[in-house]
Trainee: 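Quick one: this structure, given as structure tokens, is what I'll be asking you about.
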Amino acid sequence: MRLRSSEPYWLEKNGIINSYPSLRKNVKTDILIVGGGITGSLIAHQCIDDGYETVLIDKREIAHGSTSATTAMLQYEIDVPLKDLIGKIGVDAAVANYRACADSIDQLGKISETVTSTCGFQKKESLYFAAYKKDIKGLMREFEARKENGFAVEWLTPELIKNKFNMHHTFGGILSAQGASIDAFRLAHDILAYNFKKGLEIYDKTTIATINYQKKGVEVALKNGCEIQARKLIFCNGFESTEIINEQFVNLISTFAMVGERQPDSSRKIEHTLFWNTADPYIYLRTTEDGRLLIGGEDEAYTNPEQRNASIGDKAKKLEKYLKKILPEYDFVNDFAWAGTFGETKDGLPYIGPHKAFPSTYFVLGFGGNGITFSVIGMEIISCLLKGKPHTLAPYYRFER
């Protein structure tokens, strides 16, 4: 399954950062991580920190899957609003999940500092605004739910939004203090390079043929005939897990994005804020570290790469039309446009932990708009699981929940 199309801005911007060899020998290790994107890099960082011998493999070049296509808007807001999540899993659990996502943003900033990353981690506000007048009532309820549960939020009227951001055609919104943006492609590479120096073994262009799952470990046969023996296997391969797990546990969605030419002067009023709206599917936008505006959305059900890729041109035109509506004075010139695929779960929460059909194996699948922050939470959960300790959020991320 191809997770992206065209050449996302992050690949063009960064080029080849680090390259690693394919695995051409037999290996025995404590932990085998499958997936070399931002999730795999974070889990590897935790495993190395916990003192495990760790091997990471990817069938592509490192971070060339969905990590290269993500817009990397770091928000604590889950795709399912807090008020709705409370109805699904209760107040305490819903608030705990939102709080964990908020905390993970700061934790990711600390990780970025630790590995001396040049990913441009930047704390930002986040504005969740009403796309239509009919959305105001529900958005106000969401605002009250967050405020009642201690989240730093402020209600902005359409007039305040226009004055603060020069943004038109909104109907009010929730301004949250907690948010950030990064270059996830760069961060994944920087995390892996840091841990490579500490003993992490990294192999790209390494494809699995078969896996023998046993209670005391796994035996992985590669297509080139080499073998890997590991006490524990951790899948961090996102949407491609749907090709491994038989049951339907996630819906695959195609999303589209584009980034404009550098316009640092035009970006001044919006450069410290993330934006997303209440439309279904929602539109989201942010600026990049080098003064570009990135906008995405126009999501639709995933069918196949060919049909998805053929839609990029039309989707980019629709995104640009909407951008002109809300930011009419912004001089946007499309520079890159691409598509990606993400997963949508029924409760907006990830799948992190074991699966009964796969002994000695864990999954870290941070689906939804919070994939990166969920992966940070996954670091702590996986650390606990490997040590045989419980984690308070693990029950909400289990399979067959």
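Numbers here simply count residues along the sequence, with the first being 1.
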Trainee: Any donor-acceptor pair under 3.5 Å linking the side-chain atoms of Tyr194 with those of Thr114?
Mentor: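 Absent: no donor and acceptor within the cut-off.
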Trainee: Can any side-chain N or O of Thr157 pair as donor or acceptor with the backbone N or O of Leu160 at less than 3.5 Å?
Mentor: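 A pair under 3.5 Å: yes.
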Trainee: As a test of understanding, state which of Gln75, Glu77, Lys123 forms a side-chain hydrogen bond (donor to acceptor under 3.5 Å, both in side chains) with Gln178.
Mentor: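 Checked Gln75, Glu77, Lys123 against Gln178; only one passes side-chain hydrogen bond (donor to acceptor under 3.5 Å, both in side chains): Lys123.
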Trainee: Heavy-atom distance under 4.5 Å between the side chains of Asn149 and Val91, does that happen here?
Mentor: yes
Trainee: Looking only at heavy atoms, what is the nearest atom pair of Ala131 and Ala279, with distance?
Mentor: CB-N, 3.9 Å
Trainee: Could you state the interatomic distance from CD1 (Ile295) to OG1 (Thr287), rounded to the nearest 0.5 Å?
Mentor: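 The OG1 atom of Thr287 is 13.0 Å from CD1 of Ile295, to the nearest 0.5 Å.
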Trainee: Evaluate side chain to side chain donor-acceptor pair (under 3.5 Å) for Glu201 paired with Tyr203, printing each intermediate quantity in order.
Mentor: CA-CA 7 Å; Glu201 294 187 43; Tyr203 303 96; 2.6 Å; yes
Trainee: On the ring face of Tyr351, is Arg401 found with NZ or CZ under 6.0 Å from the centre and within 45° of the axis?
Mentor: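 Yes, a cation-pi geometry holds between Arg401 and Tyr351.
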Trainee: For the residue pair Ser241 and Gly238, what are the closest heavy atoms and their distance?
Mentor: OG-O, 2.6 Å
Trainee: Answer yes when Asp135 and Lys133 have at least one side-chain N-carboxylate O distance shorter than 4.0 Å, and no when they do not.
Mentor: no
Trainee: Does Phe275 have its ring centroid less than 6.0 Å away from the ring centroid of Tyr284?
Mentor: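 Between Tyr284 and Phe275, which both carry aromatic rings, the centre distance is not below 6.0 Å.
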Trainee: With rounding to the nearest 0.5 angstrom, report the CG to CG distance, Asp49 to Asn195.
Mentor: 8.0 Å
Trainee: Looking only at atom types and distance, does a side-chain atom of Trp10 sit under 3.5 Å from a main-chain N or O of Thr70, one as donor and one as acceptor?
Mentor: yes
Trainee: Can you confirm if the aromatic rings of Tyr128 and Tyr282 lie within a centre distance of less than 6.0 Å?
Mentor: no
Trainee: Using the side chain to side chain contact (heavy atoms under 4.5 Å, CB included) rule, take His355 and Glu247 through it: C-alpha gap first, then chi angles, then the decisive distance, then the call.
Mentor: CA-CA 11 Å; His355 188 291; Glu247 66 260 27; 2.6 Å; yes
Trainee: Indicate yes or no: at least one non-hydrogen side-chain atom of Glu142 is less than 4.5 angstrom from one of Leu82.
Mentor: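 Yes, side chains in contact.
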Trainee: Rounded to the nearest 0.5 Å, what's the gap from OG1 on Thr242 to OH on Tyr302? Could you check?
Mentor: 8.5 Å
Trainee: Does Thr361 form a side chain to side chain donor-acceptor pair (under 3.5 Å) with Tyr213? I'd like the steps, not just the answer.
Mentor: CA-CA 8 Å; Thr361 300; Tyr213 300 92; 5.3 Å; no
Trainee: Below 4.5 Å, heavy atoms only, C-beta onward: do Ser266 and Phe332 meet side chain to side chain?
Mentor: no
Trainee: Tell me every residue that passes ring-ring contact (aromatic ring centres under 6.0 Å, His included) with Phe129, counting only those two or more places apart in sequence or in another chain.
Mentor: none
Trainee: Okay, side chain of Asp58, backbone of Gly36: is any donor-acceptor separation there less than 3.5 Å?
Mentor: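 A pair under 3.5 Å: yes.
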Trainee: Which one of Ile31, Ile62, Val34 satisfies the side chain to side chain contact (heavy atoms under 4.5 Å, CB included) criterion with Leu56?
Mentor: Ile62
Trainee: Check whether any side-chain heavy atom of Tyr9 lies under 4.5 Å from a side-chain heavy atom of Thr288, and answer yes or no.
Mentor: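 Yes. Closest side-chain heavy atoms under 4.5 Å.
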Trainee: Of all heavy-atom pairs between Thr67 and Gly37, which one has the smallest distance, and what is that distance?
Mentor: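 Residues Thr67 and Gly37, closest heavy atoms: OG1-CA, 3.3 Å.
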Trainee: Can you tell me how far the OG atom of Ser267 sits from the CZ atom of Arg286, to the nearest 0.5 Å?
Mentor: 11.5 Å
Trainee: Does the pair Arg231/Glu53 count as a salt bridge with the N-to-O cut at 4.0 Å?
Mentor: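 Here Arg231 does not pair with Glu53 in a salt bridge, since their nearest N and O are not under 4.0 Å apart.
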Trainee: What I want to find out is whether Arg292 reaches Glu261 closely enough, with some N-O distance under 4.0 Å, to be called a salt bridge.
Mentor: no
Trainee: Is the number of heavy atoms from other residues, nucleotides or ligands under 6.0 Å of Lys269 NZ greater than 12?
Mentor: yes
Trainee: What distance do Asp347 atom CG and Tyr396 atom OH have between them, rounded to the nearest 0.5 Å?
Mentor: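 The CG atom of Asp347 sits 11.5 Å away from the OH atom of Tyr396.
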Trainee: Any donor and acceptor pair, going by atom type alone, linking the side chain of Lys124 with main-chain N or O of Glu271 inside 3.5 Å?
Mentor: yes
Trainee: Looking at every heavy atom in both Asn251 and Gln248, which two are closest together, and how far apart are they?
Mentor: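 So the minimum-distance heavy-atom pair works out to OD1-NE2, 3.1 Å.
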Trainee: Within this structure, what is the CD-CD distance for the pair Gln122 and Glu289, rounded to the nearest 0.5 Å?
Mentor: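 Gln122 CD to Glu289 CD: 7.5 Å, rounded to 0.5 Å.
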Trainee: What is the minimum heavy-atom distance between Ala44 and Leu200, and which atoms define it?
Mentor: CB-CD2, 3.9 Å
Trainee: Are the side chains of Phe256 and Ser311 in touch, meaning some heavy atoms are under 4.5 Å apart?
Mentor: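 Touching, per the 4.5 Å side-chain cut-off.
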Trainee: What I want to find out is whether Lys315 reaches Glu300 closely enough, with some N-O distance under 4.0 Å, to be called a salt bridge.
Mentor: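 Between Glu300 and Lys315 there is a salt bridge, with a charged N closer than 4.0 Å to a carboxylate O.
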Trainee: Is a side-chain donor or acceptor of Ser360 paired with a backbone partner of Gly217 at a separation under 3.5 angstrom?
Mentor: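 Yes, Ser360 side chain to Gly217 backbone: donor-acceptor pair under 3.5 Å.
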Trainee: Nearest heavy-atom pair of Thr273 and Leu127: which atoms, and what distance?
Mentor: CG2-N, 4.0 Å
Trainee: Taking the six-membered ring for Trp, are Phe358 and Phe235 closer than 6.0 Å centroid to centroid?
Mentor: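 Phe358 vs Phe235: aromatic centres not under 6.0 Å.
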Trainee: Taking the side chain as everything from C-beta on, heavy atoms only, tell me whether Phe336 gets closer than 4.5 Å to Glu12.
Mentor: yes
Trainee: I'd like to know if Glu240 and Lys59 make a salt bridge, using a cut-off of under 4.0 Å between side-chain N and carboxylate O.
Mentor: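 Yes.
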Trainee: Is there a side-chain contact between Leu365 and Phe399 in this structure, where contact means two heavy atoms from C-beta onward sitting under 4.5 Å apart?
Mentor: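 A side-chain contact exists here, since the closest heavy-atom pair is under 4.5 Å.
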Trainee: Report the C-alpha distance between His45 and Val115 in whole Å, list the side-chain angles of each, state the deciding distance to 0.1 Å, and finish with yes or no for side chain to side chain contact (heavy atoms under 4.5 Å, CB included).
Mentor: CA-CA 10 Å; His45 183 73; Val115 304; 4.1 Å; yes
Trainee: Are Lys13 and Asp290 ion-paired here, with the side-chain N under 4.0 Å from a carboxylate O?
Mentor: no
Trainee: Are Thr303 and Arg308 close enough, and set up right, to give a side chain to side chain donor-acceptor pair (under 3.5 Å), and what steps lead you there?
Mentor: CA-CA 7 Å; Thr303 50; Arg308 178 197 63 190; over 6 Å; no
Trainee: Is there any side chain to side chain donor-acceptor pair (under 3.5 Å) pair reaching into residues 96-105, and which pairs are they, with sequence neighbours excluded?
Mentor: Asn97-Tyr397
Trainee: Are any of the side-chain nitrogens in Glu320 or Lys324 under 4.0 Å away from the carboxylate oxygens of its partner?
Mentor: no
Trainee: Any side chain to side chain donor-acceptor pair (under 3.5 Å) pairs touching residues 365-375, not counting sequence neighbours?
Mentor: Thr39-Ser375, Asn370-Thr373
Trainee: Given side chain to side chain contact (heavy atoms under 4.5 Å, CB included), test Phe374 with Ile78 step by step and report yes or no.
Mentor: CA-CA 10 Å; Phe374 283 143; Ile78 295 168; 4.0 Å; yes
Trainee: Do Glu125 and Lys164 come close enough that some side-chain heavy atom pair is under 4.5 Å?
Mentor: yes
Trainee: What verdict does the side chain to side chain donor-acceptor pair (under 3.5 Å) test give for Tyr322 and Asn277, after you've listed the backbone C-alpha separation in whole Å, the side-chain angles of each residue and the deciding distance to 0.1 Å?
Mentor: CA-CA 12 Å; Tyr322 183 74; Asn277 68 10; 3.0 Å; yes
Trainee: Given side chain to side chain contact (heavy atoms under 4.5 Å, CB included), test Leu386 with Tyr362 step by step and report yes or no.
Mentor: CA-CA 9 Å; Leu386 289 173; Tyr362 299 117; 3.7 Å; yes
Trainee: Within the distance-only criterion (no hydrogens, no angle test), does the side chain of Asn237 pair as donor or acceptor with the backbone N or O of Gly35 below 3.5 angstrom?
Mentor: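 No, because the side chain of Asn237 does not come within donor-acceptor range (under 3.5 Å) of the backbone of Gly35.
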